[in-house]
2 protein chains.
Amino acid sequence: MKSPGFRGQGMKAENKHAKIIVAATKVFAKKGFFTARISDIAKEAKVADGTIYLYFNNKYDILLSVFEEEVKKIAENTAQLLSLETDPRRMLEIFIIQHLIAMKKNKNLAEVIQIELRQTNKVIKDYRDNKFSEYTGIIADIIRRGQSLGIYRSDIQPDLAKRALFGALDEVSRVWNASLETHYTVDETANQILSMFLSGIQLNPEN
Amino acid sequence: MKSPGFRGQGMKAENKHAKIIVAATKVFAKKGFFTARISDIAKEAKVADGTIYLYFNNKYDILLSVFEEEVKKIAENTAQLLSLETDPRRMLEIFIIQHLIAMKKNKNLAEVIQIELRQTNKVIKDYRDNKFSEYTGIIADIIRRGQSLGIYRSDIQPDLAKRALFGALDEVSRVWNASLETHYTVDETANQILSMFLSGIQLNPEN
DNA sequence: AAAACATGAATGGCCATTCATTCATGTAAT
DNA sequence: ATTACATGAATGAATGGCCATTCATGTTTT
């Protein structure tokens, strides 16, 4: 006597993987990687503890999957928007806005990125610089393009600038999550940061 | 028959506290807070596991102490140097250089700051925003001063700018630690970041 | 010989991971 | 279409290892 649409045990995999990813993102964000318990994730995903191991090898594998999948999403979305644009100034604006929107919309993701970047990094460090550095690489590319067009100062090191900009964005979103302080809107923030960076990067400042 | 200056067990407390702090900084930096074992710290400090609990309440207390003491050192040192200076542009330069020097010199500290800021934050969140926000507050103060002198754009939000700048510096030093990439010197980096920020913040850009 | 310090083996709790069992669904035989 | 059998997804209690913390004991200092 199950209500229509209900499925008991044994139902086809369907979207358990996805459900676990979503739950894990939430739990990692709330408690941090090390403090999060598998059983927390299982409960959040409405799944048994053991089920998680049908989809992931271990706890770290979950974190990695969350990180890579989510970063991939943002990167693809941003790349898509950027492909329609040619002005490096406008491109930088798009990157900044998209990043902040993504972080604001998905606070959990923001946290996971921060955690993965700092803590775990340590343990596994190397073999996963893929999706993430691909993402920040977008910034460097924009800057290089601007330089070859004579719009951005040629004495700026794109690899340093990408870090400075990413760091700025990351710290701003960290505070959005971590503190109770009132904070500026995405637009205000994006404008301010864009303005700080652009005017410092443009060859011929016009404000 | 100990050589002169040698002291066996039971020697007067002397500097055990300090020794543990130094050891803990090193170990936390290398392994991260959660992965670090008390016995690692004890071994590094050449002290018994139990001894640590004569000086600290628990593992987290060690991290907190490391964080607060080290941040305090930097903050005081920087404040001291800044007190000799009045030009907001030069002041910003000093802050940037001092921060980068401190992080480069003490990679361990850089890591601990990052860890404390992200992971643990989570757990205890509030009651320790003291030393750290005091430190980043220096940036906001410099900017405000520059604004009232008409040197920095008045439309810049000091609290946002401080985060952007701190984030940029933090991300740059994160990469110094985390990656194997060749990276720029402190001076190069400081110049670049200062230049990016200053030209974006100055009312009348002159380069 | 107290008091103060230091030691490190033992304790105890926590939690990732495993695995024996259950059960819905699918297939084959009657 | 009813029964019998097979499959493997899902479960969650039990296992086992790790490690922070404690404390009974030893050592040094006063």
Side-chain angles (χ1 to χ4, degrees), chain A residues 1-24 27-28 30-66 115-116 119-120 122-124, chain B residues 1-24 27-28 30-66 115-116 119-120 122-124:
Chain A
M1 268 14 83
K2 322 280 173 158
S3 59
F6 174 88
R7 329 264 215 94
Q9 322 182 129
M11 77 179 167
K12 199 63 221 295
E14 189 198 359
N15 56 352
K16 285 246 172 22
H17 182 92
K19 271 173 65 179
I20 294 170
I21 289 274
V22 171
V27 174
F28 284 149
K30 178 145 68 186
K31 317 189 65 162
F33 176 72
F34 292 101
T35 310
R37 279 169 293 143
I38 290 292
S39 59
D40 293 334
I41 298 174
K43 188 190 291 180
E44 177 74 34
K46 298 210 179 82
V47 140
D49 293 17
T51 304
I52 288 180
Y53 289 87
L54 297 177
Y55 296 89
F56 301 90
N57 297 323
N58 52 46
K59 192 180 174 187
Y60 180 70
D61 188 35
I62 306 174
L63 178 62
L64 204 61
S65 301
V66 168
I115 294 168
E116 164 63 19
Q119 344 262 312
T120 331
K122 219 73 300 236
V123 190
I124 318 271
Chain B
M1 273 12 84
K2 322 276 170 157
S3 59
F6 175 89
R7 328 264 213 94
Q9 316 183 136
M11 75 181 165
K12 197 65 219 294
E14 188 201 3
N15 56 352
K16 282 242 172 28
H17 183 92
K19 272 172 65 179
I20 294 170
I21 289 273
V22 171
V27 174
F28 283 150
K30 179 144 68 181
K31 317 189 64 163
F33 175 72
F34 292 100
T35 311
R37 278 169 292 141
I38 290 292
S39 59
D40 293 335
I41 298 173
K43 188 189 292 181
E44 177 73 36
K46 299 210 179 80
V47 140
D49 293 18
T51 304
I52 288 180
Y53 289 86
L54 298 177
Y55 296 89
F56 301 89
N57 297 323
N58 53 45
K59 192 179 174 187
Y60 180 70
D61 188 36
I62 305 174
L63 178 62
L64 204 59
S65 301
V66 168
I115 295 168
E116 164 63 18
Q119 348 261 311
T120 330
K122 220 74 297 236
V123 191
I124 319 274

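Just so we're on the same page: letters track the sequence lines, and every chain starts at 1.
The distance between atom CZ of Phe34(B) and atom P of dA20(D), rounded to the nearest whole Å, is 11 Å. When the C1' atom of dC19(D) is taken as reference, atom CD1 of Ile41(B) falls 12 Å away, rounded to whole Å. The distance between atom NZ of Lys46(B) and atom P of dC5(C), rounded to the nearest whole Å, is 22 Å. The distance between atom NE2 of His17(B) and atom C1' of dA6(C), rounded to the nearest whole Å, is 17 Å. Nucleotide dA20(D) holds its C1' atom 12 Å from the CG atom of Asp40(B), rounded to whole Å. Look at CG on Leu54(B): it is 14 Å from C1' on dA3(C), rounded to the nearest Å.
For dC5(C), neither phosphate oxygen OP1 nor OP2 lies less than 4.0 angstrom from any side-chain nitrogen or oxygen of Lys16(B).
Comparing the axis of the opening five pairs of the helix from dA1(C)-dT30(D) to dT30(C)-dA1(D) with that of the closing five pairs yields an angle of 10°, rounded to 10°.
With Lys16(A) as reference, Val47(A) is the one residue of Leu54(A), Ile52(A), Val47(A) to meet the side chain to side chain contact (heavy atoms under 4.5 Å, CB included) rule.
Shown here for Ile62(A) and Ala24(A), the closest heavy-atom pair between the two residues is CG2-CB, 3.5 Å. Scanning all heavy atoms of the two residues, the minimum distance from Lys59(A) to Phe33(A) falls at NZ-O, 2.9 Å.
Side-chain contact between Tyr53(B) and Ile38(B) is present, with at least one heavy-atom pair separated by less than 4.5 Å. Put simply, the side chain of Thr35(A) reaches to within 4.5 Å of the side chain of Phe34(B), judged on heavy atoms.
Proximity note for Arg37(B) (side chain, C-beta onward) versus dC5(C), dA20(D), dA9(D): the nearest is dA20(D).
Put simply, CG on Asn15(A) and CD1 on Ile20(A) are 9.5 Å apart, with the number rounded to the nearest 0.5 Å.
When the side-chain contact (heavy atoms from CB on, under 4.5 Å) test is applied to Asp61(B), the partners found at least two apart in sequence or on another chain are Phe56(B), Asn57(B), Asn58(B), Ser65(B).
Identified under the salt bridge (charged side-chain N to carboxylate O under 4.0 Å, His left out) test for residues 40-56 of chain B, with sequence neighbours left out: Lys26(B)-Glu44(B), Lys31(B)-Asp40(B), Arg37(B)-Asp40(B).
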What N/O pairs connect the protein and nucleotides 21-23 of chain D at under 3.5 Å? Give each pair on its own line.
{"unit_1": "dT21(D)", "atom_1": "OP2", "unit_2": "Tyr53(B)", "atom_2": "OH", "d": "2.7"}
{"unit_1": "dT21(D)", "atom_1": "OP2", "unit_2": "Lys59(B)", "atom_2": "N", "d": "2.8"}
{"unit_1": "dT21(D)", "atom_1": "O5'", "unit_2": "Tyr53(B)", "atom_2": "OH", "d": "3.4"}

